[in-house]
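Heads up: the structure comes next, in structure tokens.
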Amino acid sequence: MNIEDIEINKELKIVFMGTPDFAVPILEALIDKYGVRAIVTQPDKEVGRERILKPTPIKEVGIKHTILVLQPKKIKEEYAEIVALEPDLIVTCAYGQIIPKELLECPRLGCINVHASLLPKLRGGAPIHRAIINGFSKTGITIMYMNEGMDKGDIITQREIPIEDTDTAETLHDKLSILGRDLLMDTLPSIIDGTNTRTKQEEAEATYGFNISREDEHIDFSKTTRQVFNQIRGLNSWPGAYTIYEGKILKVWASRIGSNYDPIKNNGEIINTYDDGFGVKTSNGEIVITMVQPEGKKKMPAIDFINGERNKGSMIGKILR
RNA sequence: CGCGGGAUAGAGCAGCCUGGUAGCUCGUUGGGCUCAUAACCCAAAGGUCAUUGGUUCAAAUCCAUUUCCCGCAA
């Protein structure tokens with residue numbers, strides 16, 4: 001790329017729409033290489049017990065680079081200001097609101113989205129968590145044109161990565177965030193000069209990865225060891241899987257696959273303790289829980305938890321619900 | 001002022017209700033046993049019981065205060 005090209009790119013008016021950490025590397029690369037005219041993100045939210053108003057990660061990037069930040073409460077109604085900017089291109093990534101038709105049709109180069117799955121698989125708000133929880137062996141990034149449906153637009157490019165057993169939602173999140181940034185940077189030139197491809201999604205192949213609900217976080221030990229293992233790592237490090245021990249919430253942050261199978265025991269029954277955790281019966285074997293967090297306490301290695309419980313009586317035989 | 005749990009040795013906990021010399025499981029260090037060991041046995045070190053004040057002959061324990069940590073909900 002020569003100097004003249006950069007000059008042309010700087011004249012592009014790009015509006016970026018996004019909210020969480022995931023979108024930060026993507027926004028920063030855009031700012032660096034093309035410049036961003038304005039940022040749209042969710043309103044500041046009251047967070048935590050103290051109810052402190054906290055800006056979104058994307059807003060913080062905007063402030064750092066002194067870029068105009070807009071935070072409409074309802075984008076469906078408050079889009080006029082963005083249209084007035086006459087953007088050439090809108091790039092979205094995990095924005096968190098449905099974007100109205102008027103905005104989708106406004107930029108001459110269109111409205112593109114960086115989505116963290118291999119569409120049409122896992123449309124929706126939690127594709128990273130769901131990819132692990134569902135036991136996928138691979139996932140990836142899709143860059144697509146947006147339409148009025150949820151993640152239903154035409155695909156421009158995709159790039160995949162394998163999901164390893166050692167991956168958690170956190171590690172996969174970080175990998176995909178970087179992958180998304182790189183793929184967008186590699187794809188943008190073709191979008192800008194109009195040479196990109198455009199492929200419709202196979203509707204019949206579509207699956208959804210909706211936001212994680214409280215029920216998704218509750219461990220069901222009547223599932224297989226593998227399913228429980230995937231659920232636990234798929235919810236680490238946010239929001240975390242949990243079970244009920246002695247009537248209280250016990251968050252489960254990490255586990256490994258155990259090797260015992262004792263069909264006489266109940267699902268959810270603690271059947272063994274080890275140097276690194278305690279074994280719980282599942283429908284087809286044993287899951288060894290290695291990192292926990294009791295209600296009101298900090299995250300701790302399961303062996304610490306076992307040591308504390310030991311002088312209250314044996315854990316073996318107790319049931320997790 | 002959204003609801004709730006917690007702060008006791010390096011870690012995780014018990015003791016508090018019914019005040020009277022601080023305990024458990026680990027870890028650490030030293031020793032022993034063993035061909036050997038992360039296993040077993042013995043021993044030791046390590047705590048102003050989060051802060052401040054009050055009640056009392058006496059407070060980890062009862063009362064009040066402050067700070068910090070966390071779960072739920074949003």
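Of the P atoms belonging to B/U29 and B/G71, the separation is 34 Å, rounded to the nearest Å. Taking atom C1' on both nucleotides, B/U18 is separated from B/U61 by 11 Å, rounded to a whole Å. Between the P atoms of B/U8 and B/A45, the separation comes to 22 Å (whole Å). On the C1' atoms, B/C41 is 50 Å away from B/U65, given to the nearest whole Å. Comparing B/A9 with B/G47, their C1' atoms are spaced 5 Å from each other, to the whole Å. B/C49 and B/G6 have their C1' atoms separated by 14 Å, given to the nearest Å.
At a threshold of 4.0 angstrom between heavy atoms, the contacts of A/Glu309 with the nucleic acid are absent. At the heavy-atom level, A/Asp304 lies under 4.0 Å from the strands shown only through sugar-phosphate atoms.
B/A64 is paired with B/U52 under the criterion used here, namely a Watson-Crick or G-U wobble arrangement in which both key atom distances are under 3.5 Å. Base pairing analysis places B/A43 opposite B/U29; the two distances defining the Watson-Crick or G-U wobble pair are each below 3.5 Å.
The side chain of A/Lys297 contributes an N or O atom lying less than 4.0 Å from OP1 or OP2 of B/C13. Taking side-chain N and O atoms only, A/Arg310 has no distance below 4.0 Å to OP1 or OP2 of B/A14. For the OP1/OP2 pair of B/C70 and a distance below 4.0 Å, the side-chain nitrogens and oxygens of A/Lys298 include no atom meeting the criterion.
Place A/Gly296 and A/Ile303 on RNA chain B by their nearest nucleotides, and A/Gly296 ends up nearer the 5' end.
What separates CG of A/Asn307 from C1' of B/C13 is a distance of 9 Å, to the nearest Å.
Considering A/Asn113, A/Ile75, A/Leu27 as possible partners of A/Met17, the one that fulfils the side-chain contact (heavy atoms from CB on, under 4.5 Å) test is A/Ile75.
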